[in-house]
Q: 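A single structure is presented below for examination.
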Amino acid sequence: MEKGTEKRGQWASNFGFIMAAAGSAIGLGNLWKFPYLAGTHGGGAFVVVYLLIVLFVGFTIMLGEMAIGRRTGLNAIGAYKMLSKKFTWVGMAGVLSGFLILGFYNVVGGWVIKYIVQFVMGGVQGDSAAFFGAFISSTAEPVIYALLFAVATALIVWKGISGGIEKASKIMMPALFVLLIVVMIRSVTLPGAGAGLEYYLKPDFSKLTPAAIVAALGQVFFSLSLGMGCMITYGSYLSKDENLEKDALIVPFMDTAAALLAGFAILPAVFAFGFEPGAGPGLMFITLPQVFASMPAGTIFGILFFVLVLFAAITSSISLLEVCCAYVIDEFKWSRTKATWILSGIIFVLTALSSLSMGPMSGFLIFGKNFFDLLDYITANILLPLGGLMMLIFIGYFWGVDKAAEEIEQGGKFQFKLKGFWNIMVKFVGPIAVGVVFLNMLGIIKF
Ligand code: TRP
């Protein structure tokens, strides 16, 4: 199978595709970032804005990417190149984002493995903030855990589309939802959980600052895996018998459900034990271990929780790696084996650097940020929104909404019910919303 002559992969079933696409979307973004963003930006108010952006912008871009992917049957760069040479750079920025995101994603994935090991050995005793700080700033240990995570990712991608990515997602995604619901039930039934529920569900619109809106938009892109051609790549392995409109509704729905459930699993428990909801990125690795330590059978819930986080993280990291691999496989006819292992090797250099930037290299700052934060910032706040904006402009004003609709309708096989809505979103609402938030973020306009 590993010669340069391999056939291009395809999903074996639509259920498999949905699990893989939802697997890509549901990741550390939902379980680690969403609860702490909601925690720091006013709970329910942030959630409301987030939902609106998913509905209007998220669905629109998701459907656009899937249509471009299935139409061309190519990787992100090849797809743009085929439809319009002028937009090839958008695909390139996308593949570059894949490398950069994996550079820090692997590091956090490694932390998750470390925490599973830690909970199997009885959990985090004593000061969990000191424990976390000491672990991530040490030299070898976090790099080794990140390597484990990167190798697990590469092994799945190496096995191909239906035999690797689809198979892994079909097992891990349902398991993830079951575990998430178990942990959520535990959390909302703790004595004192009510305060957390109230905080999470009762919107405080006074906390809805421009910064909160920028964060919500960036989070929608990151969480739905949009703006870098991930859904172009996954869509390219899809048969013409699938209803893209339906898929582009189901995947954001599942992703949002997972994010909301993660909030229900985490915030009530945090309140029940008297911790701070706005703890920031440390919420999952510092606050939660304390919560588990003070909970009956906390070690078991800790293991379950971090295993589910690992499943979520791996089904996302494989999609990031696949975007990069699909490019060299399609365009340079590399074998999947060569693509997977060589690209993983290159990415691991970034990964090691971003892990070390938390410790021995923490004095080395670029634009005032360490390497890890820099990768996160450049991708989530700049490259992904830019990629999404350019995709909307591309469909709306170059390729054409009608051409995209043709791909969605398949000669009348499917009725594109939301075509009118989508047309307006692609041409006007989407670009304006993303453009304004983007310019504000860059400091070019201020609201
Ligand atoms: N969506 C994933 C998460 O929530 C991360 C991710 C996977 C991603 N593939 C992506 C983000 C493509 C942006 C683009 O953790």
Side-chain angles (χ1 to χ4, degrees), residues 19-38 50 53-54 57-58 61-62 64-66 69 75-76 90-91 93-109 111-112 149-150 153 156-157 165 168-169 172-173 176 180 215-235 251-252 254-263 281 284 308-327 347 375-391 434:
M19 288 300 115
S24 166
I26 300 170
L28 294 168
N30 304 59
L31 302 168
W32 169 59
K33 273 187 162 179
F34 182 82
Y36 86 71
L37 287 175
Y50 181 85
I53 301 179
V54 169
V57 182
I61 298 183
M62 176 79 63
E65 285 203 14
M66 285 180 180
N75 64 90
V90 180
V95 173
L96 175 69
S97 307
F99 277 87
L100 302 182
I101 295 175
L102 273 173
F104 71 90
Y105 214 84
N106 283 340
V107 175
V108 185
W111 298 349
V112 174
F149 183 81
T153 303
I156 298 172
V157 169
I165 295 176
S169 307
M172 290 183 190
M173 293 317 290
L176 179 149
L180 193 51
L217 183 90
Q219 175 63 8
V220 169
F221 274 97
F222 190 84
S223 188
L224 291 176
S225 301
L226 299 177
M228 59 161 273
C230 199
M231 294 299 158
I232 295 181
T233 308
Y234 271 20
V251 173
M254 287 179 65
D255 183 72
T256 306
L260 295 177
L261 286 175
M284 189 158 111
L308 91 83
V309 179
L310 181 66
F311 284 176
I314 286 209
T315 51
S316 297
S317 59
I318 54 183
S319 75
L320 289 159
L321 183 57
E322 179 61 26
V323 169
C324 305
C325 289
Y327 167 60
I347 290 164
L375 293 179
D376 183 9
Y377 185 82
I378 293 181
T379 51
N381 294 316
I382 301 176
L383 290 175
L384 300 180
L386 183 66
L389 178 63
M390 293 316 296
M391 193 222 67
V434 180

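If you read the sequence from its start, that first residue is 1, and numbering goes on from there. Order of listing sets the numbers, starting from 1, for every ligand and every atom in it. Just so it is clear, the structure is predicted and the values come from calculations on it, not from any experiment.
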Q: For residues Leu308 and Phe311, determine if any side-chain heavy atom of one lies less than 4.5 Å from a side-chain heavy atom of the other.
A: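 Leu308 does not reach Phe311 side chain to side chain.
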Q: Tell me whether the rings of Phe149 and Tyr105 are parallel (<30°), tilted (30 to 60°) or perpendicular (>60°).
A: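 Correct class here is tilted.
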Q: Is there side-chain contact between Lys33 and Leu28, with heavy atoms separated by less than 4.5 Å?
A: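 No. Closest side-chain heavy atoms not under 4.5 Å.
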Q: Under a 4.0 Å heavy-atom cut-off, what residues line ligand 1?
A: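 The answer is Ser24, Ala25, Gly27, Leu28, Gly29, Asn30, Ile101, Tyr105, Phe222, Ser223, Ser225, Met228, Cys230, Ser316, Ser319, Leu320, Leu384, counting any residue whose heavy atom sits under 4.0 Å from ligand 1.
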Q: For Ser319, check side chain to side chain donor-acceptor pair (under 3.5 Å) against everything at least two apart and list the hits.
A: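 Expected list: Ser24.
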Q: Show which side-chain atoms of residues 378-391 pair as donor or acceptor with protein atoms under 3.5 Å away, not counting sequence neighbours.
A:
residue	atom	partner	partner atom	Å
Thr379	OG1	Leu375	O	2.7
Thr379	OG1	Asp376	O	3.1

Q: I'd like to check the salt bridge (charged side-chain N to carboxylate O under 4.0 Å, His left out) partners of Glu322; sequence neighbours left out, ordered by chain and number.
A: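 Expected list: Arg336.
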